[in-house]
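Read the numbers this way: they start at 1 and go in the same order the structure lists the ligands and their atoms. Hydrogens, waters and symmetry mates play no part in the numbers below; they use all other heavy atoms, side chains included. A quick note: this is a predicted structure, and the numbers were derived from the prediction, not measured.
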Amino acid sequence: MILENNAASTGKCPFHGAGSEFKPFDQTYWEDPYPFWENARQNEPVFYHPELNYWVVTRYADIKKILAEPASFSSKILKEAMRPLSQQAIQILREGEVNPNNTVTNDDPEHKKIRRPINYAFVPKRVNEMESKVRALVSEYIDRFIYKEKVDLVSEMFFEFPAEVLFEFLGFPKKYLSEIKQFSEQRLLLRFGNLPAEEQVKEAHGVVDFWRLSKKMVKEVADAEVTPDNFLGDLLRYRNGDDTILSLEDISGILYGLLFAGHETTTNLAGNAIRTLLTERHEWDEICANTNLIPNAIEEVMRYNPPVFYWRRRALKSVNIGGVEIPEGGNLLLVMASSGHDEAKFEEPEKFDIHRKNTKDHLGFGFGKHFCIGAPLARLEVRVILEEFAKRLPNLQLVEDEIKPIVSNLFARGPKELWVKW
Ligand code: HEM
């Protein structure tokens, strides 16, 4: 299995089989996973993990190639939970008829059919119109905590803020905010976590409720006398009452997808950005002095400390990746975070550098046909957060000993709590 053991030339300790050493749910690994991936990239860049039944791919060039070839590497695997679900959980999901049609879990032609209307509604004009609202909301959040001595930025702001922005963008009622946050956590745990069977049942019920709420909302908007001037309204206009173009069930699937993809990820990006910038203090001071540096700083966070840590594909035919034969139907775990630290692509990858020239080449928002639709919105949100924090809280500091561990799963990585003072 070991491809090219260049440990001797690098002076690094050789692996004894990354498949047995990779412990994805181990808290110690999850607190600082990067040394493991550095070793893997150099000694066993593609390896099989028997417990997960996944081929793990770690190098930038291999991951990019896989993302660039959707005809050979299927996204349908994303319909499946990472870990096997219990019969009871499967039954609950089946009875709840949770079978959303989605972009991210489909290949062409279904992918194209669903992506096209999202592209139609997710236009730059709608995203740009959000900037003043996002800025006002950031200010409101700061006003709420600025009088305190210290705060946990995650619970105080980053947990809910991206969902509030998303709801505004989609035209989804704010009264459902805490429900959607809870459902999303349940969906995350069920699909990407490592839950014992008895806990899966509770989370599966949450997922069913999530799906039902998405359908209910779409029906309400479709039945309203006036089609609203927002994202959901645009999808209905695109559909023009014709199920063959896009059914209401399809729109529910789009909504169900966005209500998950559109905030958990941004919560983690905001947390990772503040945590990284304050750890590399001089970089924070630089952006406070010159906020034009913020956009590239965000890309550097996406490379260095990305919110989406892993992603997945399935090989549709047998294929050689990085010298390793992957059988037809092989499950692929793409370590997106490892790609950003690949020394073959990024010079001195362990250095966080907001001036890095090629940092925008990171794969943190994916690549190719499935490239993240929401990237402009996520970038806007985090840019405005950093601009407003730089203006109003330039003395922001981490309360070092109160950084709490990160929840382990096979999807996203970001601080669970982030205590700061100023
Ligand atoms: C920092 C925040 C975000 C990160 C790191 C992120 C990451 C990603 C990644 C890696 C993909 C590629 C999936 C693939 O290749 O299979 C993706 C796709 C997608 N993202 Fe995001 N995302 C973020 C924010 C958002 C937001 C705010 C939205 C919507 C409001 C969104 C909606 C989507 C959708 C709909 C897709 C599927 C595209 C397709 O399959 O054609 N994302 N995202």
Quick test of your reading of the structure: of [options], whose heavy atom lies closest to [atom]?
| atom | options | value |
| --- | --- | --- |
| atom 13 (C) of ligand 1 | Tyr310, Phe169, Trp311 | Trp311 |
| atom 25 (C) of ligand 1 | Ala261, Pro376, Ala273, Ala378 | Ala261 |
| atom 43 (N) of ligand 1 | Gly366, Pro306, Cys372 | Cys372 |
| atom 26 (C) of ligand 1 | Gly364, Ala412, Gly374 | Gly374 |

Quick check, are the ring centers of Phe183 and Phe260 under 6.0 angstrom apart?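 Centroid distance Phe183-Phe260: not below 6.0 Å, so no.
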Do the two ring centres, one from Phe346 and one from His341, sit under 6.0 Å apart?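 No: the rings miss the under 6.0 Å criterion.
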Taking [atom] as the reference point, the nearest protein heavy atom with its distance:
| atom | answer |
| --- | --- |
| atom 24 (C) of ligand 1 | Thr265 OG1, 3.4 Å |
| atom 37 (C) of ligand 1 | Thr103 OG1, 3.6 Å |
| atom 11 (C) of ligand 1 | Phe365 O, 3.8 Å |
| atom 40 (O) of ligand 1 | His370 ND1, 2.6 Å |
| atom 36 (C) of ligand 1 | Ile373 N, 4.2 Å |
| atom 35 (C) of ligand 1 | Leu258 CD2, 3.7 Å |
| atom 30 (C) of ligand 1 | Leu166 CD1, 3.4 Å |

Please classify the Arg313 to ligand 1 contact at 4.0 Å (heavy-atom distances, strictly less than): side chain, backbone, both or neither.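 Answer for Arg313: side chain.
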Heavy-atom contacts under 4.0 Å between Lys369 and ligand 1: side chain, backbone, both, or neither?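 The part of Lys369 near ligand 1 is the backbone, not the side chain.
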Does ligand 1 have an atom that lies less than 4.0 angstrom from a heavy atom of Met302?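 Yes, Met302 has a heavy atom closer than 4.0 Å to ligand 1.
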Which heavy atom in [X] sits nearest to a heavy atom in [Y], and how many Å separate them?
| X | Y | result |
| --- | --- | --- |
| Asn272 | Arg413 | ND2-O, 3.0 Å |
| Asn268 | Pro307 | CB-CB, 3.6 Å |
| Ile321 | Phe73 | CD1-CE2, 4.1 Å |

What about Glu381: any of its N or O atoms under 3.5 Å from an N or O on ligand 1?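 No, no N or O pair falls under 3.5 Å.
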Geometry only, no angles: is His111 polar-contacting ligand 1 at N/O separations under 3.5 Å?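 Among all N and O atoms of His111, at least one is under 3.5 Å from an N or O of ligand 1.
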Please could you name the atoms of ligand 1 that Leu269 approaches to less than 4.0 Å, counting only its heavy atoms?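 Answer, ordered by atom number: 1 (C).
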Proximal ligand 1 atoms for Arg115, defined as those under 4.0 Å from one of its heavy atoms: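 Per the distance check, 38 (C), 39 (C), 41 (O).
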Salt bridge Arg126-Asp234, side-chain N to carboxylate O under 4.0 Å: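 Salt bridge flag = yes for Asp234 with Arg126.
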What I want to find out is whether Lys360 reaches Glu299 closely enough, with some N-O distance under 4.0 Å, to be called a salt bridge.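 The answer is no: the pair does not qualify as a salt bridge.
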Taking the inter-plane angle between the rings of Phe167 and Phe172 on a 0 to 90° scale, is it parallel (under 30°), tilted (30 to 60°) or perpendicular (over 60°)?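 Phe167 vs Phe172 ring planes: perpendicular.
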Among Val46, Val335, Thr58, the one residue meeting side-chain contact (heavy atoms from CB on, under 4.5 Å) with Arg41: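 With Arg41 as partner, side-chain contact (heavy atoms from CB on, under 4.5 Å) holds for just one option, Thr58.
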Any donor-acceptor pair under 3.5 Å linking the side-chain atoms of Trp284 with those of Glu286?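 Glu286 vs Trp284: no donor-acceptor pair found between side chains.
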In terms of side-chain heavy atoms, does Ser247 have a donor or acceptor partner in Asp250 at a distance below 3.5 Å?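 There is such a pair (donor and acceptor under 3.5 Å, judged by atom type) between the side chains of Ser247 and Asp250.
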